[in-house]
Trainee: 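Before I ask anything, here is the structure I am working with.
These numbers come from the heavy atoms of this one structure, side chains and all, not from hydrogens, waters or symmetry mates. Since the model is a prediction, treat every value here as computed from it, not as a measurement. Here is the naming used below: chain letters follow the sequence lines, and residue numbers restart at 1 for every chain.
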2 protein chains.
Amino acid sequence: MEENGEFNPFHSQILTATVGNASAMFLGQYTYTLDDKGRLTIPARFRDELTGSIVVTRGLDHCLTIYPMDVWDEIAQKVNALPITDPRGRALRRVFFADASSAELDRQGRILIPDRLREYAGLGLTTEAVIVGLDRFLEIWAPERWEETNARQMEMMDENPALWENLQI
Amino acid sequence: MEENGEFNPFHSQILTATVGNASAMFLGQYTYTLDDKGRLTIPARFRDELTGSIVVTRGLDHCLTIYPMDVWDEIAQKVNALPITDPRGRALRRVFFADASSAELDRQGRILIPDRLREYAGLGLTTEAVIVGLDRFLEIWAPERWEETNARQMEMMDENPALWENLQI
DNA sequence: TATAATTGTGGGTGATTATGGGGAAAAATG
DNA sequence: CATTTTTCCCCATAATCACCCACAATTATA
């Protein structure tokens, strides 16, 4: 609901609706409170794309990631193809799956964040959390950490443009 | 096939767990107590995927593994396909088959862990055990061992981002 | 602007779950 | 064959979890 007071061009319902191939399109950032039971409300405009099961897991840079099932399936398939005879295959498998958690939205549109993941992301109970839409999935951040990471990334972009050259975007 | 020490998960010829029907999906880690009768409760959310017979056996890294029957069949088939002339084939056969034990959940959702397997995993009676979901099967760990292994794996991932990149996620 | 609908958030309550223990059946032992 | 031991099933219970309802605040609608 509250959009951190900034102009958000992706606010409209139209843009968040499905486009053709039924893949979700999550855009924008929102701040919600994690209640004392570890529940986090998912923005109402994202809920249509998150019916049925979803997967919450550990993301990079100490944030959490929420995947719709179809996106998760792609990842799980790749991880499942790793050889269990290779220690590195076993490690990746464990890192990916052991901290993942499948969940469903309750009737109020919330999900339960397991304690372990909450702590990994530096989130307490009865605290704010930032939900960031990244087109195909969501990220959940502790506000301070999001602030900081976001700033550092902008800085990186400004100071060292060469870093971004070979991305072909 | 070249093996220059680099990890390419998709080039392994030894043992790759295949991608099957998306029915089973074991995710997350849970701590339960192994009671003085050697029984271990399986998390309720996993039980629907473990009706009928399951297989408990030794895993790599001194943990135990629990397979639903269809997944076990796949693994057994792959191990059987390994040439007995290859020392690795012989080793894997012994690890997987020699102490395998078929079991069923009792009406309270528990399985009985045979003594030999318990000892292999460093588990006593009336102790805690960590049950780790790895999507298609489960692992059972002595808490200290899991703690240590997990920490080392995280480290490995942090120090070696190339491991992630092979996954193309 | 007034009214209706939706959304975020909190709390209460019934259902589920983890886990210990008792007792019947089966197996082992002498 | 009798007795002890082991194995396994089922019940009981306390704690946890998830569902549901309610309210307040915001947004949409007329």
Trainee: If you restrict it to nitrogen or oxygen atoms, what contacts under 3.5 Å exist between nucleotides 22-26 of chain C and the protein, and what is each distance?
Mentor:
unit_1	atom_1	unit_2	atom_2	d
dG22(C)	O6	K37(B)	NZ	2.4

Trainee: For dT9(C) and T33(A) - does any side-chain N or O of the residue sit under 4.0 Å from the phosphate oxygens OP1/OP2?
Mentor: yes

Trainee: Counting only N and O atoms by type, is there a donor-acceptor contact under 3.5 Å from the side chain of N150(B) to the main-chain atoms of W146(B)?
Mentor: no

Trainee: Tell me, which of residues 110-129 of chain B have any heavy atom that sits under 4.0 Å from an atom in DNA chain C?
Mentor: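 The answer is R110(B).
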
Trainee: Against L123(A), only a single residue in I140(A), D115(A), V130(A) fulfils side-chain contact (heavy atoms from CB on, under 4.5 Å); can you say which?
Mentor: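 That would be I140(A).
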
Trainee: Please identify each residue that fulfils salt bridge (Lys or Arg N to Asp or Glu O under 4.0 Å) with E119(A), with sequence neighbours left out.
Mentor: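 E119(A): no salt bridge (Lys or Arg N to Asp or Glu O under 4.0 Å) contacts found.
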
Trainee: Mind jotting down which residue pairs meet the side-chain hydrogen bond (donor to acceptor under 3.5 Å, both in side chains) criterion with at least one end in residues 56-65 of chain A? Sequence neighbours excluded, please.
Mentor: R58(A)-D99(A)

Trainee: Please enumerate all residues that pass side chain to side chain donor-acceptor pair (under 3.5 Å) together with W72(A), with sequence neighbours excluded.
Mentor: none

Trainee: With sequence neighbours left out, which residue pairs that include part of residues 24-43 of chain B fulfil the salt bridge (charged side-chain N to carboxylate O under 4.0 Å, His left out) condition?
Mentor: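 Listed by first then second residue: D35(B)-R39(B).
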
Trainee: Who pairs with D106(A) by side chain to side chain donor-acceptor pair (under 3.5 Å), at least two apart in sequence or on another chain?
Mentor: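 Partners of D106(A) by the side chain to side chain donor-acceptor pair (under 3.5 Å) criterion, ordered by chain and then number, come out as R110(A).
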
Trainee: Can you check the D35(A) CG to dT7(C) C1' distance for me, whole Å?
Mentor: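 To the nearest whole Å, that distance equals 15 Å.
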
Trainee: Calculate the interatomic distance between Q108(B) atom CD and dA18(C) atom P; express it in whole Å.
Mentor: 11 Å

Trainee: Are OP1 or OP2 of dC9(D) and a side-chain N or O of R107(B) less than 4.0 angstrom apart?
Mentor: no

Trainee: For R47(A), enumerate each residue passing the side chain to side chain donor-acceptor pair (under 3.5 Å) test, keeping only those at least two apart in sequence or located in another chain.
Mentor: none

Trainee: Which residues pass the side-chain contact (heavy atoms from CB on, under 4.5 Å) test with P161(A), sequence neighbours left out?
Mentor: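 Not a single residue meets the side-chain contact (heavy atoms from CB on, under 4.5 Å) criterion with P161(A).
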
Trainee: Identify, with sequence neighbours excluded, every residue that meets side chain to side chain donor-acceptor pair (under 3.5 Å) alongside D73(B).
Mentor: none

Trainee: Map D36(A) and I42(A) onto DNA chain C by nearest heavy atom, then report which one ends up closer to the 5' terminus.
Mentor: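 That would be I42(A).
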
Trainee: Rounded to the nearest angstrom, tell me the gap between atom CZ in R45(B) and atom C1' in dT16(C).
Mentor: 12 Å

Trainee: Without decimals, in angstroms, what is the distance between L105(B) CG and dT17(C) P?
Mentor: 13 Å

Trainee: Considering every strand and a 4.0 Å limit on heavy-atom distances, what is the contact class for D106(A): base, sugar-phosphate, or nothing?
Mentor: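 Answer is nothing: D106(A) stays at 4.0 Å or more from every strand.
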
Trainee: For the helix from dT1(C)-dA30(D) to dG30(C)-dC1(D), what is the angle between the axes at its two ends, each from 5 pairs, rounded to 10°?
Mentor: 30°

Trainee: Can you run down the salt bridge (charged side-chain N to carboxylate O under 4.0 Å, His left out) pairs that involve residues 159-169 of chain A, sequence neighbours left out, and say none if there aren't any?
Mentor: none

Trainee: Whole Å only: how far is the OH atom of Y32(B) from the C1' atom of dC17(D)?
Mentor: 11 Å

Trainee: Whole-Å distance between dC20(D) P and E104(A) CD?
Mentor: 12 Å

Trainee: Taking the side chain of R47(A) as its heavy atoms from C-beta onward, which of dA18(D), dT19(C), dG8(C) lies nearest to it?
Mentor: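 Nearest listed nucleotide: dG8(C).
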
